[in-house]
Amino acid sequence: MKPNRILQFVALGLGFLFLYIPIVSLVVYSFNESQLVTVWTHFSTRWYAALLQDDELISAAWLSLRIGLLTAFASVIIGTWAGFVLARMGRFRGFTLYTGMINAPLVIPEVIQGISLLLLFIEMGKLLGWPAGRGIFTIWIGHVMLCISYVAIIVQSRVRDLHPSLEEAALDLGATPLRVFFFITLPLISQALVAGWLLSFTLSIDDLVLSAFLSGPGSTTLPLVVFSRVRLGLNPEMNALATLFIGVVTVGVVAANLFMQRAERKKTMVLV
């Protein structure tokens with residue numbers, strides 16, 4: 001084996017170790033009996049039992065899960081439409097403004113977005129009486145605004161790679177544009193939709209800045225609770241919580257990969 005190849009493998013291995021050793025150590029110490037995060041005593045599941053008794057963390061986790069699911073579905077629906085317009089409608093009047101509005105959340109800091117939305121909701125509350133306060137609905141709007149851009153970019157790149165012959169054939173056979181979109185285009189871009197859904201869900205679950213600006217009493221998300229507790233000191237209960245999330249995310253990623261591989265095989269068989 002050539003020396004350059006060996007150096008490449010060593011650099012790759014060091015990179016993966018740098019990324020995954022902290023995650024592995026977090027999982028290992030979640031089964032530690034000691035209250036000290038970095039001092040191992042012996043194996044125990046006491047922190048998982050303590051986590052199940054922590055009503056604040058559980059309620060915050062369920063709230064984040066609900067917001068994440070709502071954000072993912074809304075972002076995929078709106079972002080798919082936005083990406084399809086960018087890829088297929090060509091240049092129209094206001095195209096530059098439309099593109100800039102889609103891409104703006106990608107480059108504007110979340111602090112600016114959070115302040116802007118907070119001021120908007122305050123003024124709307126004064127003028128219209130709605131929203132009456134900040135809570136799950138305002139957090140959801142902020143997360144959707146952030147995630148739409150990511151979904152639109154993913155869908156746009158996938159739609160541009162599609163060969164229009166299949167859609168044109170369906171139109172020639174008498175299918176309406178709406179039926180072509182739902183029965184031809186959507187199955188072909190299903191992998192992009194799954195990727196956009198997973199990315200939106202992850203961004204929503206992980207978001208701290210927007211949630212801090214847009215949350216109110218009784219609507220504290222999981223990142224806010226974790227951040228407030230970590231500031232007071234590390235707790236092994238956080239390791240248990242993080243391990244559960246790692247397990248759920250791993251299962252979700254594996255299931256999504258299996259789904260996309262199956263869809264790719266079906267598409268290959270259809271094209272052949």
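All values derive from a computational prediction rather than experimental measurement. Side chains included, hydrogens not; waters and symmetry mates left out as well; all remaining heavy atoms used.
- Within the model, atoms CD1 of Ile108 and CE of Met145 stand 7.5 Å from one another, a figure rounded to the nearest 0.5 Å.
- The hydrophobic cluster containing Leu224, built from Ile/Leu/Val/Met/Phe/Trp/Tyr side-chain heavy atoms closer than 4.5 Å, also comprises Leu208, Phe227.
- Distance check: His143 NE2 to Gln113 CD gives 10.5 Å after rounding to the nearest 0.5 Å.
- Distance check, rounded to the nearest 0.5 Å: CG of Leu51 to CD1 of Ile58 gives 6.0 Å.
- Hydrophobic clustering of Ile, Leu, Val, Met, Phe, Trp and Tyr side chains at less than 4.5 Å, counting indirect connections, keeps Val144 apart from Trp197.
- Once rounded to the nearest 0.5 Å, the distance linking CD1 of Ile141 with CG of Leu214 reads 9.0 Å.
- For residues 108-131, the pairs satisfying ring-ring contact (aromatic ring centres under 6.0 Å, His included) are Trp130-Phe137, with sequence neighbours left out.
- Inter-residue side-chain proximity for Ile205 and Phe245 is flagged as met; some heavy-atom pair is nearer than 4.5 Å.
- Using a 4.5 Å heavy-atom threshold, the side chains of Leu63 and Thr220 count as separate.
- With Ser64 contributing its side chain and Leu222 its backbone, the two residues share a donor-acceptor pair below 3.5 Å.
- Applying the 6.0 Å contact sphere to NE2 of His163 captures no more than 12 heavy atoms from other residues, nucleotides or ligands.
- Residues Ile154 and Gln191 form no side-chain contact, since every pair of their non-hydrogen atoms from C-beta on lies 4.5 Å or further apart.
- Minimum heavy-atom separation, Thr138 to Gly133: CG2-O, 4.0 Å.
- Separation of atoms OH (Tyr48) and CG (Leu244) is listed at 5.5 Å; rounding is to 0.5 Å.
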One pair to check against ring-ring contact (aromatic ring centres under 6.0 Å, His included): Tyr98 and Phe95. What are the steps and the verdict?
CA-CA 5 Å; Tyr98 178 78; Phe95 178 81; 7.1 Å; no
Verdict with supporting geometry, Leu203 and Tyr150, side chain to side chain contact (heavy atoms under 4.5 Å, CB included):
CA-CA 10 Å; Leu203 290 173; Tyr150 292 93; 3.6 Å; yes
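- With 3.5 Å as the limit, one finds a donor-acceptor pair spanning the side chains of Asp207 and Ser211.
- Connectivity analysis of hydrophobic side chains (ILVMFWY, heavy atoms under 4.5 Å, direct or indirect) links Met101 to Leu97.
- In plain terms, the two heavy atoms of Phe182 and Leu186 that are nearest each other are CD2-CD1, 3.5 Å.
- Sorted by first then second residue, the salt bridge (Lys or Arg N to Asp or Glu O under 4.0 Å) pairs that include residues 86-115, not counting sequence neighbours, are Arg88-Glu167.
- In this structure, Trp40 places its CH2 atom where more than 12 heavy-atom neighbours from other residues, nucleotides or ligands lie under 6.0 Å away.
- The two atoms that bring Ile246 and Thr250 nearest to each other are O-OG1, 2.7 Å, heavy atoms only.
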Determine whether Val180 and Leu171 satisfy the following criterion, side chain to side chain contact (heavy atoms under 4.5 Å, CB included), listing intermediate values before the conclusion.
CA-CA 7 Å; Val180 170; Leu171 291 172; 3.7 Å; yes
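- Using a 4.5 Å heavy-atom threshold, the side chains of Arg134 and Ser219 count as separate.
- Scanning for side-chain contact (heavy atoms from CB on, under 4.5 Å) contacts around Leu12 gives Phe16, with sequence neighbours left out.
- The distance from the CD1 atom of Ile78 to the CD1 atom of Ile148 is 4.0 Å, given to the nearest 0.5 Å.
- Hydrophobic cluster membership is shared by Leu210 and Leu199, with clusters built from Ile, Leu, Val, Met, Phe, Trp and Tyr side chains linked at under 4.5 angstrom.
- Checking side-chain atoms of Arg158 against main-chain N and O of Leu188 turns up a donor-acceptor pair under 3.5 Å.
- Of the possible polar contacts, one joining the Asn103 side chain to the Thr99 backbone as a donor-acceptor pair under 3.5 Å is found.
- Considering only heavy atoms from C-beta on, Val155 comes within 4.5 Å of Leu193 through its side chain.
- Within the 3.5 Å criterion, the main-chain N or O of Ser200 finds no donor-acceptor partner in the side chain of Ser204.
- Checked by atom type and distance alone, the side chain of Thr41 pairs as donor or acceptor with a backbone atom of Ser34 at under 3.5 Å.
- At least one side-chain heavy atom of Leu65 sits under 4.5 Å from a side-chain heavy atom of Trp62.
- Trp140 and Val225 fall into different hydrophobic clusters, where Ile, Leu, Val, Met, Phe, Trp and Tyr side chains are chained together by heavy-atom contacts under 4.5 Å.
- Pairs passing the salt bridge (Lys or Arg N to Asp or Glu O under 4.0 Å) check and including a residue from residues 30-51, sequence neighbours excluded, read Glu33-Arg46.
- Shown here is Phe18, whose CZ atom has no more than 12 heavy atoms of other residues, nucleotides or ligands within 6.0 Å.
- Under the 3.5 Å distance criterion, the side-chain polar atoms of Ser149 are matched with a main-chain donor or acceptor of Ile102.
- Using a 4.5 Å cut-off on side-chain heavy atoms (C-beta onward), Met238 and Leu26 make no contact.
- Cluster annotation: Trp81 and Phe73 are assigned to the same hydrophobic cluster (Ile/Leu/Val/Met/Phe/Trp/Tyr, side-chain heavy-atom contacts under 4.5 Å, transitive).
- Cluster annotation: Val226 and Phe201 are assigned to the same hydrophobic cluster (Ile/Leu/Val/Met/Phe/Trp/Tyr, side-chain heavy-atom contacts under 4.5 Å, transitive).
- In this structure, Phe43 places its CZ atom where more than 12 heavy-atom neighbours from other residues, nucleotides or ligands lie under 6.0 Å away.
- Ala50 and Glu237 get closest at one heavy-atom pair: O-OE2, 3.8 Å.
- The number of heavy-atom neighbours closer than 6.0 Å to CD of Gln8, taken from other residues, nucleotides and ligands shown, is above 12.
- Residues Ile153 and Leu106 are in side-chain contact: their nearest non-hydrogen atoms beyond the backbone lie under 4.5 Å apart.
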